[in-house]
Amino acid sequence: MIHSYHILGTGYQPAHWREHARQSCRASSAARARTHVKRRELGLAALAGAATACLGGWGGRGKAAGAPSRPLGIGPDVFPALNQYVRGRPLIYLDSAATTQRPSAVLDAIDDFYRRDNANPGPAFHELARRANARYESARSTLAGFLNASSAEEIVWVRGTTEGINLVASSWASARLRPGDEILLTVAEHTSNLLPWRLAADATGAKVRCVDVDEEGRISLQDLEGKLCSRTRLVSFSHVSNVAGYINPAAEICARAHRAGARVFVDAAQSAPHLALDVQAMGCDFLAFSSHKMLGPMGIGVLWARREILEEMRPYQAGSNMAHEADLSTETLEHAARKFGAGTPNVSGPVGLAAAVDYAAALGHEKIERHEAALVAHALERLRSVPRLRLLGPQAPEGRIPVFSFTLEGLAPQNVARRLDAQGIAIRAGDLAALPLLKRFGLTAAARASCYLYTRFDEIDQFAEALGHIARSS
Ligand code: PMP
């Protein structure tokens with residue numbers, strides 16, 4: 001039995017997100033425990049702290065002698081790409097909201113798959129095909145556990161968040177929307193959660209409307225309420241903004257959208273890396289995220305949708321594996337998620353993503369949250385002391401992930417990023433694929449520093465000092 005609208009209750013406020021995350025964690029712990037046991041049996045887990053040879057080299061080539069340990073007990077060699085010099089200085093990587101670095105456990109899982117088990121997967125052909133199939137299906141179960149999905153059949157493999165959104169815009173929205181229907185987005189959406197819906201609206205005569213945000217980038221629940229109406233067919237919003245870093249009250253938004261009779265799509269690209277997600281508790285209909293933003297490989301991600309909705313949808317692409325008994329004029333479609341898996345799948349991607357999920361689980365979600373909350377508090381305090389700095393998004397540490405978008409008065413953000421790059425500090429600058437939100441803040445560009453579970457406090461200190469120096473010397 002699939003539960004459709006499980007609502008956490010009204011009055012769910014952003015400040016309660018940690019409690020929500022804890023509840024989600026507890027609710028899904030049984031599923032996670034099951035998948036962990038399964039993965040241990042398969043011998044796939046190379047978990048936290050596994051010491052491996054360093055590929056890069058701290059201060060040059062070869063062994064990572066002298067590289068400092070990282071938080072959460074992460075050994076100095078676990079993230080090889082972090083152990084390198086850039087422009088003659090130890091790399092400080094603060095671009096994790098764009099893509100994270102990968103731990104050895106993930107690199108090893110991918111390498112191991114190609115070295116031992118590589119075959120076009122299938123349950124009945126030969127030993128390697130069976131092994132590849134087992135790893136592929138095991139990854140599906142791991143991701144179902146990660147989301148507390150009702151079933152692994154709800155996990156659609158996609159290339160990333162963008163493809164997940166496009167799949168639903170093409171397959172679900174374009175087939176259902178009629179002239180006069182409305183899609184409700186927010187002004188804080190990433191371009192990938194804007195353009196696919198606009199294409200669907202153009203093709204069907206539907207209209208895209210946008211909910212406003214407040215001065216700190218929080219979705220205005222009042223404006224949402226005012227814009228939800230009987231014409232609203234879909235609400236799509238980012239759980240966490242890639243600019244403001246604010247954690248929107250997803251369960252509350254889903255509940256309100258459902259009361260208006262709309263379906264809800266949650267863009268979890270920036271929340272899946274940081275929060276314990278529970279799609280049943282959240283009460284959404286669709287949710288998508290990208291592996292590369294949460295320690296996994298590029299080119300893979302997950303679209304989750306409730307099984308009954310997947311069953312109603314037409315295939316997005318067609319070909320082998322998504323149908324059987326395909327003859328000249330007939331075929332039998334596979335069910336649920338499998339209907340969307342046309343062609344030979346990407347197996348190493350799910351294998352790597354599952355290893356990433358295992359790695360984070362072994363570190364401990366609560367410990368990761370605590371470390372990231374401390375990073376937020378520390379960074380906000382340090383950034384406050386930088387002259388001429390304007391921080392976008394919430395100024396208080398609560399309900400926020402460690403993503404910091406900012407401007408330095410009188411300096412182009414791209415220029416700030418270039419000057420930090422010259423010191424081995426990697427940040428990002430530009431429109432951050434969120435121009436409507438930047439315009440809402442009166443800007444067309446901003447710089448963004450983003451941290452992850454491996455970020456050290458002293459890296460934040462060095463970044464803030466470098467920024468202070470740039471501000472004072474310009
Ligand atoms: N939504 C948000 C909020 C994002 O931050 C991103 C990536 N920057 C995307 C969607 C798109 O993700 P991807 O490029 O991995 O498909």
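Remember, it's 1-based here, ligands and their atoms both numbered in the order they're listed. Only heavy atoms go into these numbers, but all of them, side chains included; no hydrogens, no water, no symmetry mates.
Remark: minimum distance from atom 4 (C) of ligand 1 to any protein heavy atom is reached at His190 CD2, 3.4 Å. The shortest contact between atom 3 (C) of ligand 1 and any protein heavy atom is with Asp267 OD2, 3.5 Å. For atom 5 (O) of ligand 1, the closest non-hydrogen atom on the protein side is Gln270 NE2, 2.7 Å. The protein heavy atom nearest to atom 14 (O) of ligand 1 is Thr162 OG1, 3.6 Å.
In terms of the side chain to side chain contact (heavy atoms under 4.5 Å, CB included) criterion, residue partners of Glu334 (sequence neighbours excluded) are, by chain and number, His324, Arg338.
When Leu287, Asp267, Val266 are each tested for a side-chain contact (heavy atoms from CB on, under 4.5 Å) with His239, only one passes: Val266.
Nearest heavy atoms, Ile425 versus Ala466: CD1-CB, 3.8 Å. Closest approach of Leu353 and Met294 over heavy atoms only: CD1-CE, 4.2 Å.
Thr186 and Glu189 share a side-chain donor-acceptor pair at under 3.5 Å.
Here is the list of ligand 1 atoms found below 4.0 Å of a heavy atom in Asn242: 5 (O). Close approach of ligand 1 to His292 (heavy-atom distance below 4.0 Å) involves ligand atoms 15 (O). For ligand 1 and Ser290, the ligand atoms under 4.0 Å from any heavy atom of the residue are 12 (O), 13 (P), 15 (O), 16 (O).
Ring planes of Phe457 and His371: perpendicular class, angle over 60° (limits at 30 and 60°).
Residue Glu163 does not touch ligand 1, judged by heavy-atom distances below 4.0 Å. Residue contacts with ligand 1 for Lys293 involve side-chain atoms from C-beta outward but no N, CA, C or O (heavy atoms, distance under 4.0 Å).
Electrostatic pairing of Asp223 and Lys227 counts as a salt bridge here, judged by a charged N lying under 4.0 Å from a carboxylate O.
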